Amino acid sequence: MKMLTACAVLLAAAVAHGKKPNAIFLLADDWGWGDTGAYASMVNGGDKPPLTPNLDKMATEGTMFTRFHTLASVCSPSRASWLTGSWPLSVRSPYIFSCSPEANAKKGQGNFVNLTTPMITRTLNNAGYATAHYGKWHLGCTPNSPSPNAYGIDDSSTYVSNPAVAPQLGNFSDLWFPSNSSRLIVDHAIRFIKNATAEGKPFYLNLWFHISHAPLAPTPQQLEQFPTATYCAWSGMTRRTEYYHHCPIQVFRASQHDADQQIGRLFDFLKLKDLDRDTITLFSGDNGPEDPHVYFNSVGSAGIYRGRKRSLYEGGISTPLIVRWPGQVPAGRVSAADIASIDWFPTMASLSSTALDPKTQQWIRGRDASDLLLGKTNKPAPRTIPLVWDYRFKMPGKCYHQSPRLAIMDPEFDLKLLMNPDRSRVELFNVTADSFEQDNLAASRPADVDRLAKTLLDWEASMPQSPPDSIVLNEGCTATNPHRIDPFVRPEGMSDYDRGSGPWGGGGMGWVCSGCGRSCFCSWFRKCLLRAERCVKVRLQCWH
């Protein structure tokens with residue numbers, strides 16, 4: 001209680017003196033729940049866990065949220081939810097913003113976020129903040145898309161933006177751009193912070209990293225801490241191209257580690273300039289890890305969850321969230337409270353004592369979570385506006401990652417309903433007791449299904465629609481779409497999950513059901529997804 005009181009006094013004193021906190025929003029790309037050492041250490045991290053010492057230190061000096069949700073399972077709509085505080089469909093983003101107007105039209109996608117849309121950067125800029133955005137944009141890159149600077153951003157250097165009007169960070173025709181992108185982003189950030197502080201302004205920074213999106217091509221120097229002999233014991237797991245000959249987990253871990261090192265360089269600069277205690281830093285991911293069937297080196301971990309990028313199962317929409325603000329956000333705390341990407345806008349407005357105009361207040365669908373961040377409460381007030389999702393398109397990879405199209409969360413009762421608009425594939429899970437979403441409660445709790453389904457379907461009907469021929473209702477695992485993978489005796493040292501890292505053990509071992517013999521159906525809790533028999537550890541692995 002004394003600590004909470006002290007936090008409140010410090011914040012009140014800062015506001016009383018008119019000192020607004022700085023803020024840095026670090027957003028990683030396709031970074032799964034289990035892709036930092038701090039999160040992986042809470043569960044089975046595998047035999048080659050993430051090497052992210054600076055993010056791990058950030059977690060010990062701040063608060064980790066284990067039940068954070070992003071409001072989309074792919075890039076553009078997730079990013080829109082962070083910056084606008086509203087559902088992605090509100091800005092006509094059911095999918096990614098393509099650089100082709102024709103491709104956008106085919107999916108019912110806008111070309112860019114409308115300039116009249118309330119945006120956290122514009123709100124803070126109008127309140128006196130110096131604002132900047134470095135790294136990925138992906139909120140409009142067609143020839144008629146505006147520059148990021150049109151959204152209340154003073155300075156930017158981006159990619160997946162309109163090069164005709166937006167200064168570019170780099171381009172992918174340069175083979176080594178992905179491996180250098182994290183350094184370039186932090187270089188820009190340090191320069192901007194120096195200029196903002198020289199002018200006596202508080203600053204707000206979006207630093208949106210390329211890592212760990214495809215392509216990944218770490219330099220020889222970045223690979224030094226990830227020797228082939230350790231990470232690629234079985235030579236058949238290597239892949240030769242014109243620029244590297246390394247196995248996926250080696251490439252993936254080296255790329256993540258470099259991003260972590262650059263983040264550490266930023267933290268060192270903040271401490272050197274005495275800005276550390278005046279700066280809120282937030283780290284998260286835009287969606288779950290990419291599927292290795294899409295890109296060979298995408299071997300990120302969704303941790304304890306089922307699903308990957310594009311899926312509305314938890315692995316596609318639950319990512320790390322670490323918040324650090326020395327002296328304000330409690331250090332070493334792990335919270336399982338409900339918090340989501342649409343909460344960032346109203347929360348940052350509250351922490352900076354920035355008033356929201358009536359139009360913005362009406363627009364925002366998130367809630368102020370500042371008391372939760374500051375440790376004044378462990379459980380925020382119930383949401384008056386639900387968390388809802390809609391992913392309308394094809395999901396690659398294993399059938400049991402392929403979720404229904406719609407989802408709604410009821411955090412008060414730990415319930416999550418997934419279904420298609422035609423009421424097919426109705427799935428109800430208690431996501432606290434069953435984080436892998438394998439025990440469907442729909443048949444035994446029809447009242448909860450009806451209650452949540454009405455809200456979800458009413459919301460879906462009110463949102464912009466896509467052309468019918470673009471919509472795909474994924475089957476999941478059915479008689480016509482079976483999980484056609486049989487156990488395979490693998491050589492010693494093959495990595496854990498589809499040539500990468502995942503939840504089926506480590507050190508060349510895998511888990512299989514003692515009843516059906518299938519390894520890819522074994523969850524973190526060692527309970528088979530098809531049958532109730534326990535899972536046993538053997539030297540087996542699933543393969544396509």
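In this chain, numbering begins with 1 at the start of the sequence shown. Every value quoted in this text rests on a predicted model; they were computed, and no experiment measured them.
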Can Arg423 and Asp450 be counted as an ion pair, charged N to O under 4.0 angstrom?
yes
So, do Leu406 and Val388 sit near enough that their side-chain heavy atoms are less than 4.5 Å apart?
no
Do NZ/NE/NH1/NH2 and the carboxylate oxygens of Asp286 and Lys136 come within less than 4.0 Å?
no
Identify whether the distance between the nearest side-chain nitrogen and carboxylate oxygen of Asp390 and Arg405 falls below 4.0 Å.
yes
Side chains of Trp325 and Leu373 in contact at under 4.5 Å (non-hydrogen atoms):
no
Just wondering, do Phe429 and Leu418 contact through their side chains at under 4.5 Å, heavy atoms?
yes
Strictly by modelled atom types, are Gln402 and Ser311 linked by a side-chain donor-acceptor pair under 3.5 Å?
no
Looking just at side-chain N and O atoms, do Thr158 and Ser156 make a donor-acceptor pair shorter than 3.5 Å?
no
Okay, side chain of Glu61, backbone of Ala59: is any donor-acceptor separation there less than 3.5 Å?
no
For Phe97, is the NZ or CZ atom of Arg79 found under 6.0 angstrom from the centre of its six-membered ring and inside 45 degrees of the ring axis?
no
Atom NE2 in His133, atom CZ in Phe192: separation rounded to 0.5 Å?
12.5 Å
So, are Asp278 and Lys273 salt-bridged, with charged N and O less than 4.0 Å apart?
no
Would you say the side-chain atoms of His210 pair up with the backbone N or O of His213, donor to acceptor, closer than 3.5 Å?
yes
The ring-ring contact (aromatic ring centres under 6.0 Å, His included) partners of Tyr391 (sequence neighbours excluded) come to Phe393
All heavy atoms of Leu71 vs all of Ala340, minimum pair found to be CD2-CB, 3.9 Å
Interatomic distance, CD1@Ile364 vs OG@Ser86, rounded to 0.5 Å, equals 8.5 Å
To the closest 0.5 Å, what do you measure between OG1 (Thr455) and CD1 (Ile408)?
5.0 Å
Taking atom types as modelled, find out whether Asp30 and Ser212 have a side-chain donor-acceptor pair closer than 3.5 angstrom.
no
Asp260/Lys57 salt bridge by N-O under 4.0 Å criterion:
no
Give a yes or no answer on whether the side chain of Ser93 reaches the backbone of Leu89 with a donor-acceptor pair at less than 3.5 Å.
no
By ring-ring contact (aromatic ring centres under 6.0 Å, His included), which residues pair with His138, not counting sequence neighbours?
none
What one should report as the nearest heavy-atom pair of Ser353 and Lys20 is O-NZ, 3.6 Å
Knowing that exactly one of Leu282, Asn206, Leu266, Ile263 qualifies, which makes a side-chain contact (heavy atoms from CB on, under 4.5 Å) with Ile24?
Leu266
Are Lys454 and Asp458 close enough for a salt bridge, meaning some N to O gap below 4.0 Å?
yes
Can you tell me if Asp154 uses its side chain to pair, donor with acceptor, with the backbone of Thr131 under 3.5 Å?
yes
Judged by atom type as modelled, is there a donor-acceptor pair below 3.5 Å linking the side chain of Tyr39 to the main-chain atoms of Leu321?
yes
Who are the ring-ring contact (aromatic ring centres under 6.0 Å, His included) partners of Phe283, not counting sequence neighbours?
Trp31
Between Thr52 and Thr36, does any side-chain donor sit less than 3.5 Å from a side-chain acceptor?
no
Hydrogens and angles aside, do Asn125 and Tyr204 bring a side-chain donor and acceptor to less than 3.5 Å of each other?
no
Looking at every heavy atom in both Ala453 and Met419, which two are closest together, and how far apart are they?
CB-SD, 3.7 Å
Roughly how far, to the nearest 0.5 Å, is CG of Leu356 from CD of Gln362?
13.0 Å
Taking the side chain from Thr319 and the backbone from Gly285, do they hold a donor-acceptor pair closer than 3.5 Å?
yes
Could you check, using the six-membered ring where one of them is a Trp, whether Trp33 and Tyr313 have ring centers closer than 6.0 angstrom?
no
For residues Val294 and Lys309, determine if any side-chain heavy atom of one lies less than 4.5 Å from a side-chain heavy atom of the other.
no
Value for CG (Asp29) from CZ (Phe209), rounded to nearest 0.5 Å, stands at 11.5 Å
Taking CD in Glu412 as the centre, count heavy atoms belonging to other residues, nucleotides or ligands within less than 6.0 Å. Is the count above 12?
yes
How far apart are the closest heavy atoms of Ser182 and Ile211, and which atoms are they?
OG-CG1, 3.7 Å
From the options His69, Arg306, Arg67, select the one residue that forms a side-chain hydrogen bond (donor to acceptor under 3.5 Å, both in side chains) with Glu314.
His69
Under the 3.5 angstrom rule, does the side chain of Ser284 hit a backbone N or O of Pro320 as a donor-acceptor pair?
yes
Atom pair CG (Asp343) and CH2 (Trp82), whose distance is rounded to the nearest 0.5 Å:
9.0 Å
Please find the pair of heavy atoms, one from Asn430 and one from Ala433, that lie closest to each other, and give the distance.
OD1-N, 3.0 Å
Is a donor from one side chain sitting under 3.5 angstrom from an acceptor on the other, for Thr117 and Thr84?
no
Would you check if Leu139 and Leu83 make a side-chain contact, meaning some heavy-atom pair closer than 4.5 Å?
yes
Minimum heavy-atom separation for Met42 and Thr66, please, with both atom names.
CE-CG2, 3.6 Å
Are Pro178 and Leu216 packed together at the side-chain level, in the sense that at least one heavy-atom pair is separated by less than 4.5 angstrom?
no
Side-chain donor-acceptor pair under 3.5 Å between Ser350 and Asp368, yes or no?
yes
Ion pair check, Lys416 and Glu427, cut-off under 4.0 Å
no
Can you find a heavy atom in the side chain of Asn162 that is under 4.5 Å from one in the side chain of Phe112?
no
Just by modelled atom types, is the Pro202 backbone N or O under 3.5 Å from a matching donor or acceptor in the Asn22 side chain?
no
Indicate yes or no for a side-chain donor-acceptor contact from Tyr151 to the backbone of Val113 under 3.5 Å, with no hydrogens or angles considered.
yes
Sub-3.5 Å donor-acceptor pair from the side chain of Ser73 to the main-chain atoms of Ile317, do we have one?
no
Salt bridge flag under 4.0 Å for residues Asp187 and Arg265:
yes
Taking NZ, NE, NH1 and NH2 as the nitrogens, is one of them in Asp276 or Lys271 under 4.0 Å from a carboxylate oxygen of the other?
no
